[in-house]
Amino acid sequence: MSDTHSLDALIAALRRLPGVGQKSASRMAYHLLQSDREGAQLLARALQEASASMRHCERCHTFTQQVVCATCLDPSRDLTRLCVVETPADQAALERTAAYKGLYFVLLGRISPLDGIGPQEIGIDLLFKRACDGVVQEVILATNFTAEGEATAHVVSEGLKSRGLKVTRLARGVPVGSELEYVDLGTIAHALADRR
């Protein structure tokens with residue numbers, strides 16, 4: 001048995017994070033143990049507390065410590081608009097813009113037939129039930145512009161339209177502050193097609 005079992009376990013645990021490979025995980029582990037033991041303890045406590053206390057909101061499925069999140073309980077929100085996102089991180093990104101004042105529904109992922117993830121696995125029935133509550137008038141699809149995100153948006157859109165709801169999709173196009181010569185061709189093509 002290795003005399004660095006705890007270090008190896010830490011590296012393996014850090015590798016579970018998205019985008020973290022063997023080298024990055026090793027660098028983080030060595031840094032925490034060699035240069036920042038206090039930070040390592042703080043990280044351990046924060047992870048333990050968050051994993052024990054965070055849950056999904058019963059209405060929108062974002063992360064919260066309460067049964068229903070603060071956004072869903074906020075009386076100043078526009079109850080007639082519901083924005084559909086793939087993850088709580090996507091919802092947080094939209095909230096940071098301060099441009100949207102409606103409510104959210106966080107899917108439990110995105111449709112990915114190759115991974116065996118279909119509409120039922122992402123909670124699409126819960127979304128349809130939530131969107132058809134008689135109050136929601138517009139559903140804004142804010143899934144990612146990946147193949148899986150587009151497939152998810154299509155399935156959700158068709159299901160909601162068949163239930164008589166107005167469905168819109170986030171616009172896509174050339175990012176603010178970019179130069180056309182450096183923008184990928186697919187983005188330019190979509191910007192031209194979706195121009196206003």
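Note that the CG atom of Leu32 and the CG atom of Leu14 stand 7.0 Å from one another [nearest 0.5 Å]. Within the model, atoms CD of Gln91 and CG of Leu107 stand 11.5 Å from one another, a figure rounded to the nearest 0.5 Å. Here the straight-line distance linking atom CD of Gln66 with atom SG of Cys72 works out to 12.5 Å at 0.5 Å rounding. In this structure, Asp184 CG and Thr187 OG1 are separated by 3.0 Å, a value rounded to the nearest 0.5 Å. Annotation: the span from Ser162 atom OG to Glu158 atom CD amounts to 8.0 Å, rounded to 0.5 Å. One distance of note links CD1 of Ile11 with OH of Tyr30; it measures 5.0 Å at 0.5 Å rounding.
Glu138 is not listed as a side-chain neighbour of Leu82, based on a closest heavy-atom distance of 4.5 Å or more. Annotation: side chain of Leu170 is in contact with side chain of Phe145 (closest heavy-atom distance under 4.5 Å). Side-chain contact between Gln120 and Asp125 is present, with at least one heavy-atom pair separated by less than 4.5 Å. Contact of the Asp36 side chain with the His31 side chain is registered, since non-hydrogen atoms from C-beta on lie closer than 4.5 Å.
Hydrophobic clustering keeps Val85 apart from Val68 (ILVMFWY residues linked when any side-chain heavy atoms are closer than 4.5 Å, directly or through intermediates). When the side chains of ILVMFWY residues are joined at heavy-atom separations under 4.5 Å, either directly or via intervening members, Leu165 and Leu127 end up in a single hydrophobic cluster. When hydrophobic clusters are built by joining Ile, Leu, Val, Met, Phe, Trp and Tyr residues whose side-chain heavy atoms come closer than 4.5 Å, directly or via intermediates, Leu103 is not grouped with Leu73. Under the 4.5 Å side-chain heavy-atom criterion for ILVMFWY residues, no single connected hydrophobic cluster contains both Leu10 and Leu47. Linking Ile, Leu, Val, Met, Phe, Trp and Tyr residues whenever their side-chain heavy atoms come within less than 4.5 Å leaves Phe128 and Ile140 in two separate clusters.
Looking at every heavy atom in both residues, Leu160 comes nearest to Ala131 through CD2-CB, 3.7 Å. Looking at every heavy atom in both residues, Cys69 comes nearest to Cys57 through N-SG, 3.3 Å. Contact detail for Gly149 and Arg110: the closest heavy-atom pair is N-CD, 4.2 Å. Taking every heavy atom of both residues into account, Ile124 and Val156 meet most closely at CD1-CG2, 3.8 Å. When every heavy atom of Val20 is checked against every heavy atom of Ala25, the shortest pair comes out as CG1-N, 3.6 Å.
Side-chain heavy-atom separations under 4.5 angstrom define the hydrophobic clusters, and the remaining members of the one that includes Met54 are Phe63.
Defined by atom type and a distance below 3.5 Å, a donor-acceptor pair is missing between the side-chain atoms of Gln65 and Arg55. When only modelled atom types and interatomic distance are considered, Asp90 and Thr87 share a side-chain donor-acceptor pair under 3.5 Å.
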Val139 and Lys166: side-chain contact (heavy atoms from CB on, under 4.5 Å), yes or no, with the steps? CA-CA 6 Å; Val139 177; Lys166 176 184 178 185; over 6 Å; no
Could you check Asn144 against Thr146 for side-chain hydrogen bond (donor to acceptor under 3.5 Å, both in side chains), going step by step and ending with a plain yes or no? CA-CA 6 Å; Asn144 293 309; Thr146 61; 5.6 Å; no
Before you tell me yes or no, could you show the steps for Tyr104 and Arg77 under side-chain contact (heavy atoms from CB on, under 4.5 Å), namely the whole-Å CA-CA distance, both residues' side-chain angles and the distance that decides it to 0.1 Å? CA-CA 10 Å; Tyr104 294 92; Arg77 303 301 285 216; 3.5 Å; yes
Between Arg81 and Gln137, does the side-chain hydrogen bond (donor to acceptor under 3.5 Å, both in side chains) criterion hold? Intermediate values first, please. CA-CA 6 Å; Arg81 293 191 303 163; Gln137 296 174 11; over 6 Å; no
Between Asp74 and Thr71, does the side-chain hydrogen bond (donor to acceptor under 3.5 Å, both in side chains) criterion hold? Intermediate values first, please. CA-CA 5 Å; Asp74 184 347; Thr71 303; over 6 Å; no
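Side-chain N or O atoms of Asp115 include none that pairs as donor or acceptor with a backbone N or O of Ile117 at under 3.5 Å. Between the Glu121 side chain and the Gly118 main chain, a donor and an acceptor come within less than 3.5 Å of each other.
Of the residues Thr62, Val136, Leu126, the one that meets the side chain to side chain contact (heavy atoms under 4.5 Å, CB included) test with Phe105 is Leu126. For the side chain to side chain contact (heavy atoms under 4.5 Å, CB included) with Ile122, the qualifying choice from Val106, Val155, Ile111 is Ile111, the only one to do so.
Counting non-hydrogen atoms of neighbouring residues, nucleotides and ligands closer than 6.0 angstrom, the CD atom of Glu49 reaches no more than 12 such neighbours.
By the 4.0 Å N-to-carboxylate-O rule, Lys101 lies too far from Glu95 to be salt-bridged with it.
Here Ser178 pairs with nothing under the side-chain hydrogen bond (donor to acceptor under 3.5 Å, both in side chains) rule; sequence neighbours left out. Every residue two or more places apart in sequence or in another chain that forms a side-chain hydrogen bond (donor to acceptor under 3.5 Å, both in side chains) with Thr143 is listed here: Arg169.
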